[in-house]
Amino acid sequence: MKYKAFGMTGVGVPVIGQGTWNMPESGAALKEAQRALRRGIELGMVHIDTAEMYGAGRVEELVGETIRDIPREKLFIATKVLPSNATYRGTLNAAERSLSRLGCGYLDLYLLHWAGSHPLEETMRALEKLVEEGKTRFIGVSNFDTEEMLAAAAFLRRERLACNQVLYHLCERGIEHRLIPEARDRGIAIVAYTPFGRGSFLRSNRGREALERIGRKHGATVRQVALAFLTRSPGVFAIPKAARVEHVEENAGAAELELDASDLAAIDAAFPRGKPGPLASL
Ligand code: NAP
């Protein structure tokens, strides 16, 4: 696994982490998903992304169950507060509930899931309080466009905004115009969610063939090529979700893949960046 500095935190985080949205919650599929999560951790994919929203708290419990006997310091655990809970007191309480479901003592990263109707300044103050209390090491936001991200950062008094987790895949490259450069200048890590874009990147023949060609050249799969492209810049990470061991193994392999300038140009031609526009989200 390749690690790089998580923005200004300087902490080494794997370029490929693991998402948990829609993780199976029972039966054989759950057992396989838990095996997959553990296999990913063995392979160095120790950035585990979850949220109080996922399975209405059940996914945090399942993640907690899966990681129970893994030394805490080996993991980088991220979870998120729902905007509807994101008053000052509501954020503190939500973090306590997430910590108790995860059973992991402290969080590495706590994010506001998306901007809601509660004043952002209040949420940011609560996130800082959680750092002060040792409940989380770092704080950030998700689904924030450039101006909102800068506003969130400006509300912080003692801490720095560590991360903005946003939609980013080959058919949705809008963040490359402004969000990524502005985040990089400020040491804010960008975490790409839904990096496979629900399969959209394989739907056009031209795009798929370009990825297959690059894959053949490097002995890699199309998904590995896609993940390597998305994480090519410093400070940009991806968190694919995979509930099967073979998928996790394939995704982990992306970290070893180095694309050259001709690969990047071929991907650029097959999946144009498009015009600047508002931040896309799911
Ligand atoms: P994704 O990671 O782009 O795609 C997940 C799908 O791809 C699953 O069906 C998975 O199948 C399949 N897959 C994964 N690896 C594969 C492989 N190597 N070969 C074939 N299929 C593969 O989508 P996502 O779950 O939407 O996004 C990833 C994570 O980002 C989420 O789980 C969540 O943690 C986070 N997220 C955050 C937000 C936000 O608002 N902040 C929004 C969406 C997502 P299997 O499960 O069967 O392996």
Side-chain angles (χ1 to χ4, degrees), residues 14 16-25 27-40 43 45-55 58-60 62-63 66 76-84 86 98 102 108-116 140-145 148-149 163-172 175 179 189-203 208 211-212 215 220-231 236-255 257 279-282:
I16 312 295
Q18 303 192 76
T20 62
W21 190 30
N22 291 327
M23 175 177 172
E25 292 174 34
L30 166 61
K31 292 282 167 252
E32 174 66 5
Q34 290 185 307
R35 268 196 298 277
L37 205 55
R38 290 181 68 96
R39 178 69 181 133
L43 294 170
M45 301 160 93
V46 295
H47 175 185
I48 315 280
D49 177 73
T50 190
E52 64 169 341
M53 186 185 94
Y54 301 166
R58 181 72 184 131
V59 170
E60 286 181 330
L62 294 171
V63 168
T66 312
F76 188 88
I77 299 180
T79 193
K80 315 181 196 82
V81 57
L82 274 170
S84 53
S98 287
L102 284 158
D108 293 284
L109 184 61
Y110 197 44
L111 307 176
L112 173 58
H113 208 146
W114 64 88
V141 292
S142 175
N143 295 299
F144 272 46
D145 209 343
E148 294 172 295
M149 175 181 80
C163 164
N164 188 6
Q165 186 186 115
V166 289
L167 179 68
Y168 183 38
H169 57 81
L170 288 179
C171 304
E172 193 53 78
I175 63 169
L179 186 66
I190 292 291
V191 173
Y193 76 67
T194 314
F196 298 136
R198 308 204 149 150
S200 55
F201 75 112
L202 294 176
R203 276 183 212 127
R208 198 183 53 250
L211 298 176
E212 283 168 353
T221 68
V222 289
R223 281 189 171 74
Q224 289 173 334
V225 175
L227 290 174
F229 181 81
L230 298 175
T231 57
V236 183
F237 301 77
I239 46 165
K241 172 262 182 184
R244 295 168 210 214
V245 170
E246 76 262 28
H247 288 170
V248 161
E249 289 175 343
E250 179 180 345
N251 298 344
L257 176 58
L279 178 69
S281 63
L282 283 189

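We count ligands from 1, going down the list as the structure has it; atoms in each ligand are counted the same way.
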Find all atoms of ligand 1 within a distance of less than 4.0 Å from any non-hydrogen atom belonging to [X], and give their numbers and elements.
X	value
Asp49	33 (C), 34 (O), 35 (C)
Glu250	17 (C), 18 (N), 19 (N)
Asn251	14 (C), 15 (N), 17 (C), 18 (N)
Arg244	47 (O), 48 (O)
Gln165	35 (C), 36 (N), 37 (C), 38 (C), 39 (C), 41 (N)
His113	39 (C), 40 (O), 41 (N)

Would you say the side-chain atoms of [X] and [Y] include a donor-acceptor pair closer than 3.5 Å?
X	Y	answer
Gln34	Thr66	yes
Asp49	Gln165	yes
Glu52	Thr79	no

So [Y] and [X], do their side chains get closer than 4.5 Å, heavy atoms only?
X	Y	result
Phe196	Pro240	yes
Leu227	Pro195	yes
Val166	Val191	no
Ser281	Tyr193	yes
Leu230	Val236	no
Val63	Leu102	yes
Phe237	Ile190	no

List the closest protein heavy-atom neighbour of [atom]: residue, atom name, distance to the nearest 0.1 Å.
atom	answer
atom 45 (P) of ligand 1	Ala243 N, 3.4 Å
atom 26 (O) of ligand 1	Thr194 OG1, 2.9 Å
atom 29 (C) of ligand 1	Ile239 O, 3.2 Å
atom 32 (O) of ligand 1	Trp21 N, 2.8 Å

Donor-acceptor contacts, no H, no angles, side chain residues 241-249, under 3.5 Å, sequence neighbours left out:
{"unit_1": "Glu249", "atom_1": "OE2", "unit_2": "Arg39", "atom_2": "NE", "d": "2.6"}
{"unit_1": "Glu249", "atom_1": "OE2", "unit_2": "Arg39", "atom_2": "NH2", "d": "3.4"}

With backbone taken as N, CA, C and O and side chain as the heavy atoms from C-beta onward, which portion of [X] lies under 4.0 Å from ligand 1: side chain, backbone, both, or neither?
X	answer
Asn143	side chain
Leu282	side chain
Ser142	side chain
Arg223	side chain

Review point. Between Leu170 and Leu211, is a side-chain contact (heavy atoms from CB on, under 4.5 Å) present by the stated rule, with each step listed?
Key: CA-CA 11 Å; Leu170 288 179; Leu211 298 176; 3.9 Å; yes
For [X], is the nearest heavy atom under 4.0 Å from an atom of ligand 1?
X	value
Glu246	no
Trp114	no
Asn22	no

Check: [X] N/O within less than 3.5 Å of ligand 1 N/O:
X	result
Ala242	no
Pro195	yes
Arg198	no

Option of least heavy-atom distance to [atom] (set: [options]):
atom	options	answer
atom 43 (C) of ligand 1	Tyr193, Phe201, Phe196	Tyr193
atom 6 (C) of ligand 1	Lys241, Glu32, Lys80	Lys241
atom 11 (O) of ligand 1	Met23, Glu249, His247	His247

Revision key, fill the gap. Heavy-atom closest pair (Tyr54 atom, Thr20 atom, distance to 0.1 Å) is CD1-OG1, 3.6 Å
Check your understanding: Would a 4.0 Å cut-off, counted as strictly less than, catch a protein heavy atom around atom 48 (O) of ligand 1?
Key -> yes
Check your understanding: Checking Glu32 side chain against Ala29 main chain: does a donor-acceptor pair fall under 3.5 Å?
Key -> no
